[in-house]
Amino acid sequence: MDAIPTTALTPDSGHASVRADLLGRMRGASGPYLAGVAVCGMIVAWALFAWGYQIVNGFGSTGVRRPVYWGFYIVNFVFWIGISHAGTLISAILRLTGAEWRKPVTRAAEAITVFCLMIGGLFPLIHISRPWFFYWMLPYPNERLLWPNFRSPLFWDLTAILTYLSGSVIYLYLPLIPDLAELANHSKGAKRRIYRALSLGWTGSDRQWQALERSMKLMAVVILAIAVSVHSVVAYDFSMSVMPTWHNTIFAPYFVVGAIFSGIAALVLVMAALRKMMGLERYLREVHFVNLSKLLLLMSLIWGYFTFSEHLTTWYGNLPSEIRVFQIREHGLFGMLFWTMVACNFVIPFVLLGISKLRSIPTIAVSSAAVLVGMWLERFLIVVPTLSTPPLAAAWGSYAPSWIELSITAGTFAAMVLLYLLFVKAFPIIAIWEYDDGVRAR
Amino acid sequence: MEYVHAEFSRGEDAAAAIRDLAAAGISKSAMELYSLRPVELDPAPLARRSRMSLAAVLSAITVGGGATALVYWAQRDYPLITGGMPINSGWATGVVTFETTMAGAVMGIFAALLWESGLLRGRKRVPVPVLPDRGVVLQVAGAPDTAGLAESLRAAGAVAVEVVGAED
């Protein structure tokens, strides 16, 4: 990775300067900010209405029909859980390897993880259609002597996502504690009391710093293992079935690679938006985007390799059930989507990020946006073509989302933006103590 | 009890002062450093023994083992139709064991953090110094000769020294 230039900050920089600058950006709300909150809030409200409509009128009001039992909801579930890997990769790996350049980036990444898991975890609830029966998934003694099916990948999902969500919340919270104490010291009234309570009585003693740093290192190790397992488990939802093109051994690593790939892309987009909207050019500099773009390019190449391997094996095997899915995915109904996916995930990043003269913050952001589109399409192309062509030709069907799925999908993207907008006004988006530490370390 | 607070502009000076005080017979448990950023000196002047890793491992084994036992007994007592596959198999429920083990590790780390850092613990209220933007504050608790101690801390490079009483 490129080294951070030693003239990172202006000469008057220091803890007080960084703190005043970052805390100052949390105060007040501009017109565009409020407009963003209002628009996102309205989209989320509409999505909630759509969900309510689905609950009242039943799952038949969606576009999910036999034989395509998994539609947009599962596509979105896999997509959002995938993006959640941004936090673990950027924060945990870079923390463990001691990469100094991560410091302005980690909190934005960790927040993405938590929000994406909250959003992604909603989709199974939406998909089961009767969310009030969610507790049937939980293993508790009951009068019916029923237990969940522990050997079902859907139950594995539950344990994996709950573990990942709780771990990620703690992993986001730990480095926030010193900043919460700073916030309490520089706030008044109710805000001060809330921040004080959240900081758990942090005083900045050496005992606390030692315990915090030790816990963050341990958490980084644990959260990495959890992150890899979570998307592997999501892949097992597919590969444990005997459906054509799903039942293969490459799915778990393929999903993990795709998750990290889309997670980096999401992080770059969030960073670009924060930089522009909050004026964080001083902290989120081109070197951060360039370093992340190299990771993005690497993941693009790995993704391309995995995709090629998977499709070559299917094509060469020429099993009737598999080749049928292969053909409709690449040449038929879904062909346009497939080649768009390849362009978004491989061609565009390869050109824009691989040629150093073209590499700039705008082109890196464009590549990242393309990757997010491509990865969503990849999830769609994994789920729908296979389900629409079951072994019996008489059972073939198609899938088109209804306004409910489209509304809920739009609502989750709006919810992500809304959560982020609220977060940046409640907490410093760059870890004050870590950033300052980074300046001093040089 | 009285506390002496000495502000140092450099962590190295504070570390040297700690070594001098320890050599003069003041226990390291009576000393504490305060700063707005972690004091990264090698060796750490007030290095403390940690059992966080042990807590994480024990918690992981407890939670993961408990969950595995629950799965085992539930499957044994209320068996599902498995199509000829074994009722209990590590392959079928290994993921549950792994995830709950990791969940246990997370809980153990967080609990150990709260314990070792002293956060949320109902200890007597120790006066917390106002922290400078740069530098560190060394706190010495219950020294018999606070005036002499203050003088020696100044001689060790402290830029400011104050004597305060406990808040309780």
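Numbers restart at 1 for each chain; the letters A, B, ... are given by sequence-line order, proteins then strands. What you are looking at is a predicted structure, and each value in this text was computed from that prediction instead of being measured.
B:Arg134 places no side-chain N or O within 3.5 Å of a backbone atom of A:Ala16 that could act as its donor or acceptor partner. For A:Gln210 (side chain) and B:Leu46 (main-chain N/O), a donor-acceptor pair under 3.5 Å exists by modelled atom type. No side-chain donor-acceptor contact under 3.5 Å links A:Trp209 to the backbone of B:Tyr34.
Side chains of A:Trp202 and B:Ser117 form no contact here, defined as non-hydrogen atoms less than 4.5 Å apart. Within the 4.5 Å cutoff, no side-chain heavy atoms of A:Ile170 are placed close to those of B:Ile109. Using a 4.5 Å heavy-atom threshold, the side chains of A:Leu174 and B:Phe110 count as touching. Residues B:Arg48 and A:Asp206 form a side-chain contact, since some pair of their non-hydrogen atoms from C-beta on lies under 4.5 Å apart.
B:Leu131 touches chain A through its side chain: at least one heavy atom from C-beta onward sits under 4.5 Å away, while N, CA, C and O do not. Of the two parts of A:Tyr173, only the side chain, counted from C-beta on, holds a non-hydrogen atom closer than 4.5 Å to a non-hydrogen atom of chain B. Contacts of B:Leu41 with chain A are absent, with no heavy-atom separation under 4.5 Å from either backbone or side chain. Interface remark: A:Phe155 contributes side-chain atoms only to the contact with chain B (heavy atom separation under 4.5 Å). Neither the backbone nor the side chain of A:Asn185 comes within contact range of chain B; no heavy atom of the residue lies under 4.5 Å from a heavy atom of that chain. Within the 4.5 angstrom heavy-atom criterion, only side-chain atoms of A:Val233, from C-beta onward, approach chain B. Interface residue B:Glu32: only side-chain heavy atoms are found under 4.5 Å from chain A. Looking at B:Trp91, the atoms closer than 4.5 Å to chain A (heavy atoms on both sides) all sit in the backbone: N, CA, C or O. Only the side chain of B:Thr82 comes within less than 4.5 Å of a heavy atom in chain A; its backbone stays farther off. Heavy atoms of B:Ala47 lying under 4.5 Å from chain A belong exclusively to its backbone. Heavy-atom distances place both the backbone and the side chain of B:Leu36 under 4.5 Å from chain A. With a 4.5 angstrom heavy-atom cutoff, A:Ser199 touches chain B only via backbone atoms. Looking at A:Ile223, neither its backbone nor its side chain comes within 4.5 Å of chain B, counting heavy atoms on both sides.
Here the OG1 atom belonging to B:Thr93 is positioned 10.5 Å from the CG atom belonging to A:Asn149, to the nearest 0.5 angstrom. For the atom pair CE (B:Met102) and OG1 (A:Thr163), the distance works out to 9.5 Å, reported to the nearest 0.5 Å. A distance of 12.5 Å separates CD in A:Gln208 from CG in B:Leu33, rounded to the nearest 0.5 Å. Interatomic distance, A:Ile161 CD1 to B:Glu99 CD, rounded to the nearest 0.5 Å: 9.5 Å. A:Leu212 contributes atom CG, which lies 12.0 Å from atom CD of B:Glu116 (distance to the nearest 0.5 angstrom).
B:Val106 and A:Gly167 get closest at one heavy-atom pair: CG1-CA, 4.0 Å. Nearest heavy-atom pair, B:Leu70 versus A:Pro139, reported as atom, atom and distance to 0.1 Å: CD2-CB, 4.1 Å. In plain terms, the two heavy atoms of B:Ala105 and A:Val222 that are nearest each other are CB-CG2, 4.2 Å. When all heavy atoms are compared, the tightest approach of B:Pro38 to A:Trp433 is CD-CE3, 3.7 Å. B:Met85 and A:Arg151 get closest at one heavy-atom pair: CB-NH2, 4.0 Å.
Highest contact tally toward chain B, considering only A:Gly201, A:Ala225, A:Ala160, is held by A:Ala160 [criterion: heavy-atom pairs under 4.5 Å]. Chain B forms the most heavy-atom pairs under 4.5 Å with one residue out of A:Ser229, A:Ser152, A:Ser205, A:Ser232, and that residue is A:Ser205.
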- Task: Would you check, one step at a time, whether the test side-chain contact (heavy atoms from CB on, under 4.5 Å) holds for B:Ser53 with A:Leu218?
- Result: CA-CA 8 Å; B:Ser53 302; A:Leu218 286 173; 3.9 Å; yes
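Around CZ of A:Arg193, the count of heavy atoms belonging to other residues, nucleotides or ligands within 6.0 Å does not exceed 12.
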